[in-house]
Amino acid sequence: MEPNATDPLEQQQALEELAGAVVDTAPEGWRQLTYVACRVGAHDQDLLVFRAADETVYQLPVPDGVHAPVEKLKKGLYAPDKGTGTWLTMTVSVHESMKYSVDYEYDSEPDPRFAVSAQAYLQELERFPRTKEYIPEWMRHKLQEARGIDTGPIIAEFGQELVRACQERGARVEYLPPTGLRLYLPGQTTTQEIDLAGTFDRAVLHGPKERGELADRFATFVANQIDRQNPQTQGPMPEDTVGGALTAAFAALGAQVFFQDPNTLVMPIPGGDRASTDISGFRSALEGATPEQIQEHASGFAHAAMQQLADASEQPSAATEDTGRLRVRLYPVTAFPEEVWEQLVMREFAPGLRQVVVVDSPESLQPLTRKALEDTGRPVEEVFTEAIGGTLQEPVDVSGHDVQGTQVVHLGGQHPYVAGQVHALNRHLGRVPHGALVCFPVPEVILAHPLGQGHPVAAMRSLQELAQRFASDADKPISAQLFWWHPGSASLTREDLPDLRPVGLESDQESGRETLHVFDDEFGPLIQSLVQGG
């Protein structure tokens, strides 16, 4: 369905602002950026990925600057007189030529990875009504499901949860059903009433644990507001429009912030600590802006900051993860730009390959960052040990095949960690006094040939052809490079890096001659002895 823009010029300006924000955050070497926003009722999620020159695609943090234009596009494309509602997901693609395209989805159900609850669709129709002909069948089922849920008890319980959390922090408040609070200020006869409809809307989309955390964040804000007479927690000057808008925007999200100085904003972070950020650039960008524009951008800034804090708190900690959640995954060095590699917990695995510690959860698979590891205080070696142990617990299927007279062992699995089995390759190959030829064409496969079982040159030829075939057919290949798994690897501990030496066989089509490529003094004589012995 085509969107019904109420103001094409404002829509264009918002899109340009959004595209500029994602381009500013992209690393060098990007070919295409794709930003997806999902906004359904009080549910909001974002995703930003970029495609590099080698077609590798990976995720980027969502920049602060996207939220204000997204909200403007969400509201601005609502046409009450047409009854179409507004978009549920929006995808903006930016090409390296700086041309961009946008796609609005009014009728299609959001991708399952966004995990939109049924209640969010009921909120969506309350905010942006649709006539019957513009409610698709799948949404009707969601609405029916949502209407079967009595949110009254959840709302009432959350109201009491807010009161409890505030009282635990020494603040006196009174719940005003359905979505309000009355705050009693110490030493004053007046009270302050707050409407928290947006906070309650978010609360009904989550379970008891998340609702408790939301109540605790708001209670911390209230307690800190009462404690503002502390000189260390001075607020913005009364005429500071930008500071006041930021304070109000964070308060609407249940967070209390204060200013150490006009350009230093201090925000709460999970665990009771605080983080400061320089907002001088934010202030400069809003010079000459209207109060409405300042309020809108402050809301976007606060939303982005709280989302990043929430994402950071959800980053699985290497110190608290159960064994088995950490894994090791193999990537080609071309998978990420160097500035990204520097942020990851990784090590050089073999020429052209790097091994990365990843955190595997039911929701996602994310490389572990050095910052997250530093916060735990755990040594890198300890984390790699745990990750390799978890990887070796992953199930793999091992099968033997005769490929043109060459014995090939195929290790495969329904997960991207099969390459980690090279740390215990001898348990799959048995005793291999001469080592083995191995390759890692795709994340789900290892191909190996125990040297000494057949003609070694023919084995190299067959394995190279297989590796090329696997890699060329894969969406995310690792490498078609052939390696000699040195027999000394069998005596190493599983946590050590295996001794992998690149080898290769080059064929001249015209002369029919084959040239052996080796990078050490041992492999050539070994092959010669095996050929002569065979």
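Just so you know, these numbers use all the heavy atoms, side chains as well, and skip hydrogens, waters and symmetry mates.
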- Message: Looking at Arg164 and Asp216, is any side-chain nitrogen of the basic one under 4.0 Å from a carboxylate oxygen of the acidic one?
- Response: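 Yes, charged N to carboxylate O under 4.0 Å.
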Considering only heavy atoms from C-beta outward, does the side chain of [X] approach that of [Y] to under 4.5 Å?
X: Phe50; Y: Pro27; value: yes
X: Thr25; Y: Leu48; value: yes
X: Lys74; Y: Trp87; value: yes
X: Pro416; Y: Leu330; value: no

Do [X] and [Y] pair up side chain to side chain, a donor and an acceptor below 3.5 Å, judged on atom types alone?
X: Gln355; Y: Arg347; result: yes
X: Gln421; Y: His423; result: no
X: Tyr175; Y: Gln160; result: no

Please find the pair of heavy atoms, one from [X] and one from [Y], that lie closest to each other, and give the distance.
X: Gly83; Y: Tyr134; answer: O-CD1, 3.2 Å
X: Pro110; Y: Thr89; answer: CB-CG2, 3.8 Å
X: Val70; Y: Leu18; answer: CG2-CD1, 3.5 Å
X: Tyr104; Y: Met90; answer: CE2-SD, 3.5 Å
X: Phe200; Y: Pro178; answer: CE2-O, 3.5 Å
X: Ala42; Y: Gln123; answer: N-OE1, 2.9 Å

- Rounded to the nearest 0.5 Å, how far apart are OG of Ser117 and NE2 of His206?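 NE2 of His206 is found 8.0 Å from OG of Ser117.
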- Assess whether side-chain contact (heavy atoms from CB on, under 4.5 Å) is satisfied between Leu353 and Ile478, documenting all intermediate values. CA-CA 8 Å; Leu353 302 177; Ile478 298 179; 3.6 Å; yes
- Item | Face-on cation placement of Arg354 at Trp341 ring, 6.0 Å and 45° thresholds |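 Yes, a cation-pi geometry.
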- Would Arg329 count as a cation-pi partner of Tyr417, with NZ or CZ less than 6.0 Å from the six-membered ring centre and within 45° of the ring normal?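 Negative - Arg329 is either too far from the ring of Tyr417 or too far off its axis.
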- Message: Taking the six-membered ring for Trp, are Tyr121 and Trp138 closer than 6.0 Å centroid to centroid?
- Response: yes
- Message: Exactly one of Arg39, Glu124, Arg130, Arg127 should register a side chain to side chain contact (heavy atoms under 4.5 Å, CB included) with Thr86. Which one does?
- Response: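 The single option meeting the side chain to side chain contact (heavy atoms under 4.5 Å, CB included) with Thr86 is Glu124.
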